[in-house]
Amino acid sequence: MEREPTEFESSVYEALCRVPAGKVVTYKILGDAIGCGSGRAIGNAMRNNPYAPEVPCHRVILSNHKIGGFMGDVIGDKIEKKRDLLEKEGVNFDDEGNLLDANCLLASVPSE
DNA sequence: GCGCTTATCGCAC
DNA sequence: GTGCGATAAGCGC
């Protein structure tokens with residue numbers, strides 16, 4: 001259920017908001033941006049995701065350039081839908097949900 | 001190169 | 001204090 005995001009989770013959303021459209025970041029990169037060494041903690045915030053349409057959680061992928069999950073579903077039809085959405089932004093994924101253009105992957109989250 | 005297991009971090013119960 | 005989660009990295013084969 002939608003729990004109130006803690007300061008840590010807010011940092012995740014904030015860092016994610018710094019990611020420009022057409023670009024994606026991995027849990028590791030996002031975690032490094034906020035000072036977290038575990039992607040699971042990031043996934044916790046994403047899973048909570050009270051700002052689903054506001055926070056581009058679909059711009060966050062696994063370290064292996066994979067989409068991973070979306071909107072609570074680790075893998076499902078939602079992924080295909082978001083995959084197409086990302087393609088519209090300039091991020092292309094294959095049928096397996098893998099990132100085709102690694103160029104779209106941000107090396108790190110831009111600081112303010 | 002691919003697959004499985006362990007480790008890690010934060011949050012909720 | 002224990003368990004869960006949208007992962008990451010390491011080790012083995």
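For the numbers below, each heavy atom of this structure counts, side chains included, while hydrogens, waters and symmetry mates do not. Proteins get letters first, then strands, A, B, ... in listed order; numbering begins at 1 in each.
Comparing C:dA8, C:dG5, C:dA6 against the side chain of A:Met46 picks out C:dA6 as the nearest.
A:Glu4 and A:Asn48 get closest at one heavy-atom pair: C-ND2, 4.5 Å. What you find for A:Ile29 and A:Val109 is that their closest heavy atoms are CG2-N, 3.9 Å.
When the P atom of C:dA9 is taken as reference, atom NE2 of A:His65 falls 11 Å away, rounded to whole Å. The nearest whole Å value for the distance from the CD1 atom in A:Ile75 to the C1' atom in C:dG5 is 16 Å. Atom P of nucleotide C:dA6 and atom CG of A:Asn44 are separated by 8 Å, given to the nearest angstrom. In this structure, A:Leu86 places its CG atom 14 Å from C1' of C:dA6, rounding to the nearest Å. Atom CD1 of A:Ile79 and atom C1' of C:dA6 are 8 Å apart (whole Å). In this structure, the CG atom of A:Leu30 is 16 Å from the P atom of C:dA6, given to the nearest Å.
The closest donor-acceptor contact from the side chain of A:Lys23 to the backbone of A:Asn103 lies under 3.5 Å. When atom types are taken as modelled, the side chain of A:Asn98 and the backbone of A:Lys66 share no donor-acceptor pair closer than 3.5 angstrom. Checking side-chain atoms of A:Arg83 against main-chain N and O of A:Asp95 turns up no donor-acceptor pair under 3.5 Å. For A:Asp101 (side chain) and A:Cys104 (main-chain N/O), no donor-acceptor pair under 3.5 Å exists by modelled atom type.
Using a 4.0 Å heavy-atom distance criterion, A:Asp73 is classed as making no nucleic acid contact.
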Intra- and inter-strand pairing of DNA chain C, written as dot-bracket with Watson-Crick and G-U pairs under 3.5 Å and | for the latter, reads |||||.|||||||
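No hydrogens or angles were tested; on distance alone, a donor-acceptor pair under 3.5 Å links the side chain of A:Tyr27 to the base of C:dA6.
With sequence neighbours excluded, the residues satisfying side chain to side chain donor-acceptor pair (under 3.5 Å) with A:Glu14 are A:Arg18.
Read 5' to 3', the first and last nucleotides of DNA chain B with an atom closer than 4.0 Å to a heavy atom of chain A are B:dA7 to B:dA12.
Contact check for A:Val19 versus A:Pro56: no side-chain heavy atoms found under the 4.5 Å cut-off.
Side chains of A:Asn44 and A:Glu9: no donor on one and acceptor on the other come within 3.5 Å.
If you find the closest nucleotide of DNA chain B to A:Phe8 and to A:Gly39, the one lying nearer the 5' end belongs to A:Gly39.
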